[in-house]
2 protein chains.
Amino acid sequence: MRPTIADVARLAGVSKSSVSRVLSGNTSYMSEVTRRRVETAIHDLQYRPNMIARSLISNRSHTVGLLISDVSNPFYPEVIHGVEDVAMEHHYDVFLCNINYDLNRGMHFVRSLISRQVDGVMIMSSSMSDEWLTELTRYQIPTVVLDWQVRSIEGTAGSITVDFERGIRAAVDHLIALGHNHFAHVSGPLGLHTSRLRRDAFLSSLAQHGVDPAAVPVIEGDLSIDGGSRGLEQLLSFSQRPTAVFAANDLTALGIVWSARDRGLRIPEDLSVIGLDNIRLASEIHPPLTTVALPQAEIGKMAMHMLLELLQRGEPLEKMLNAQVETQLMIRRSTSPPGG
Amino acid sequence: MRPTIADVARLAGVSKSSVSRVLSGNTSYMSEVTRRRVETAIHDLQYRPNMIARSLISNRSHTVGLLISDVSNPFYPEVIHGVEDVAMEHHYDVFLCNINYDLNRGMHFVRSLISRQVDGVMIMSSSMSDEWLTELTRYQIPTVVLDWQVRSIEGTAGSITVDFERGIRAAVDHLIALGHNHFAHVSGPLGLHTSRLRRDAFLSSLAQHGVDPAAVPVIEGDLSIDGGSRGLEQLLSFSQRPTAVFAANDLTALGIVWSARDRGLRIPEDLSVIGLDNIRLASEIHPPLTTVALPQAEIGKMAMHMLLELLQRGEPLEKMLNAQVETQLMIRRSTSPPGG
DNA sequence: CTGAAAGCGCTAACAT
DNA sequence: ATGTTAGCGCTTTCAG
């Protein structure tokens, strides 16, 4: 049996309260001697406090949940890092849940987190259900959501929205400055809000430069390398081939680059490619990818900070918190004037 | 306040015990009526049992910890999946901890997991400290370790070892059959046991074919893309250039392939490259990478299953459990006869 | 078949 | 400055 606070008390010859006091650092009114005795007893027994018992009293588990679509998506690692760093700083632990693009699985995790009395939850899944939020707020669990148009919810919640506009506009400006005039977009699943945002930002920025959006082919991909490959194939079948393509994410862009290469096209001479996310690989491939960067670690940190803030305020907010992160163009080697 | 079992009991007009009975499905000796009343009360109150309170009694948190080096390492996603899948099946939740290659951080997590009373722990970090295991077994927490030479530990533990031999021998056979006779290896950090295993397997397989191991350059890398690039540069500086190189992992292999390409070498005509792991990217790049595959998902599943078994047996084992997984050569397009 | 009571490990008044 | 007591939400004997 693992030693309990009672064992420590017995060994030290004091009461449980005294032990509890040194555990919580409530040591101001204690005699040096008792403190010492307790400390040695703790050490001798290799006693470790039982968080479960603590949580039962305090109603706080010092744990937060983080729901993501899929660990294997290279967008997440840095985000997770950001979350973990801030969490660790504040002595929180993180329950990472892989939704795996499965809404049911998501709901399962949500219920499980509720039962576990997590103090808060962050949802960063491209596909999520409003139900999750409803369930979470029903039990007053503070929740932060990334990049999801939430109809303002009653309860303690916050959201982080990504300003794609700015980075994407910079990307378009860059392409225009290079002299391109035939564009294309390989999007994410257009059922996703975020895919539409990216597409619209691209098209409207183009329009600002006098390019007719209707003339810009949009191919629906699936945010994967394979989707990018397929997108490129379609692009090549058009009579009017684009000289520059904007991909909804870096994975898609990689698929485009590699398939284009395979077909004998040179990147960037024959085709300029811009991605989005700025995953690690983007700078490691050849040529390194020009991309609209998301501040991944910052997103993670911000989410956890916002959650912490939500946790502090006891009462439900009258209005959801909101924060915005900026995107930023990283110019690398996958873009050049058309023809080189 | 969230409803408790008392609220349900009150609403249903029964005792807490009765509610508890239906919660645990202990419904055999109950009247249909009471069961119904309780069920409706649970539903009306949207009651969710408090796992924390349950755990306090049962001493089991239905939670396991999974320590990994770094989420961003593409080796892990499938492993994590495997673990999660069988964990979910058995109603366990997984605490994912990113050691981040930091031994202190690892110890921190270990202590935290102990305080949280996790039922078991899996350690899958390339660098780990024996201390972790000592600490874990001190508190009788069943632990499964991947690919780490554990001096047999007293307590409830298991290990999964990877048989690199077989897959690597197949890789060497393949290279020899293709007609290669100048080899090189870009290893992982040779401080790591697993790096030495891989290197030794390569060298000894080569020896079996009459190749003098002393004549085979081994360049110490760091299991990253960058390390691969640097490895290739060194390789090119040798008077006798190898025609085939075996990399300690796929990331290293990618670095080699891409850098070689950059320097105008053709893959596989001018250089055959074999990786190890079989990460997803390996089959998505061009040319797809020949690699010694680790059964990632299987490793995850096996680890969780072994942990479950450890959990079943109450008493400490007299001997550690052990299981082995096989590696397998995946022949793709990054290898060919020298010169094409 | 159902309820009352004790107790899991800990903290937080309340005494002393 | 320290000990005593009650109780967090739940399960589990033990009575009835």
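These figures come from a predicted structure and were not determined experimentally. Every chain is numbered from 1, with letters handed out A, B, ... down the list of sequences. Quick note: numbers below take in every heavy atom, side chains included, and nothing from hydrogens, waters or symmetry partners.
- Under the 4.5 Å side-chain criterion, counting only non-hydrogen atoms from C-beta, Phe109(A) is not in contact with Asn100(A).
- Using a 4.0 Å heavy-atom distance criterion, Ser58(B) is classed as making no nucleic acid contact.
- Following rounding to the nearest Å, Asn26(B) (CG) and dT13(D) (P) show an atom-to-atom distance of 11 Å.
- Side-chain atoms of Ile57(B) lie closest to dC8(C) of the nucleotides dC1(C), dC8(C), dC10(C).
- Taking side-chain N and O atoms only, Arg54(B) has a distance below 4.0 Å to OP1 or OP2 of dT11(D).
- Here the P atom of nucleotide dG9(D) and the CD1 atom of Ile5(B) are 11 Å apart, to the nearest Å.
- When heavy atoms are screened at a 4.0 angstrom cut-off, Val19(B) is found touching no nucleic acid atom at all.
- Put simply, Ser31(B) has a side-chain N or O that comes within less than 4.0 Å of OP1 or OP2 on dT2(C).
- Between the side chain of Arg21(A) and the base of dG3(D), a donor-acceptor pair under 3.5 Å is found.
- Take His81(B) and apply the ring pair (Phe, Tyr, Trp, His ring centres under 6.0 Å) test, not counting sequence neighbours, and it matches no residue.
- Taking the screw axis at each terminus of the helix from dC1(C)-dG16(D) to dT16(C)-dA1(D) from five consecutive base pairs, the angle between the two is 50° to within rounding of 10 degrees.
- Checked by atom type and distance alone, the side chain of Ser115(B) never pairs as donor or acceptor with a backbone atom of Met51(A) at under 3.5 Å.
- Donor-acceptor pairing under 3.5 Å, judged by distance alone, is present between the side chain of Ser17(B) and the base of dA4(C).
- Listed by chain and residue number, Phe95(B) satisfy the ring pair (Phe, Tyr, Trp, His ring centres under 6.0 Å) test with Phe95(A) (two or more places apart in sequence, or in another chain).
- With contacts defined as side-chain heavy-atom distances shorter than 4.5 Å, the pair Thr156(A)/Gln140(A) does not qualify.
- A 4.5 Å side-chain heavy-atom check between Leu96(A) and Ile80(B) finds every atom pair outside the cut-off.
- Taking atom CG of residue Leu45(B) and atom P of nucleotide dG9(D), one finds them 14 Å apart after rounding to whole Å.
- Taking the six-membered ring where the residue is Trp, His90(A) and His305(A) present perpendicular rings, their angle passing 60° and hence far from 30°.
- In terms of phosphate contacts, Thr4(B) brings no side-chain nitrogen or oxygen within less than 4.0 Å of OP1 or OP2 of dG9(D).
- Rounded to whole angstrom, the span from the CZ atom of Arg2(B) across to the C1' atom of dG9(D) amounts to 12 Å.
- The side chain of Tyr29(A) contributes no N or O atom lying less than 4.0 Å from OP1 or OP2 of dG3(D).
- Using a 4.0 Å heavy-atom cutoff across all strands shown, Ser20(B) reaches at least one base atom of the nucleic acid.
- Of the two residues contacting DNA chain C, namely Ser28(B) and Leu56(B), the nearest-nucleotide position lying further toward the 5' end is that of Ser28(B).
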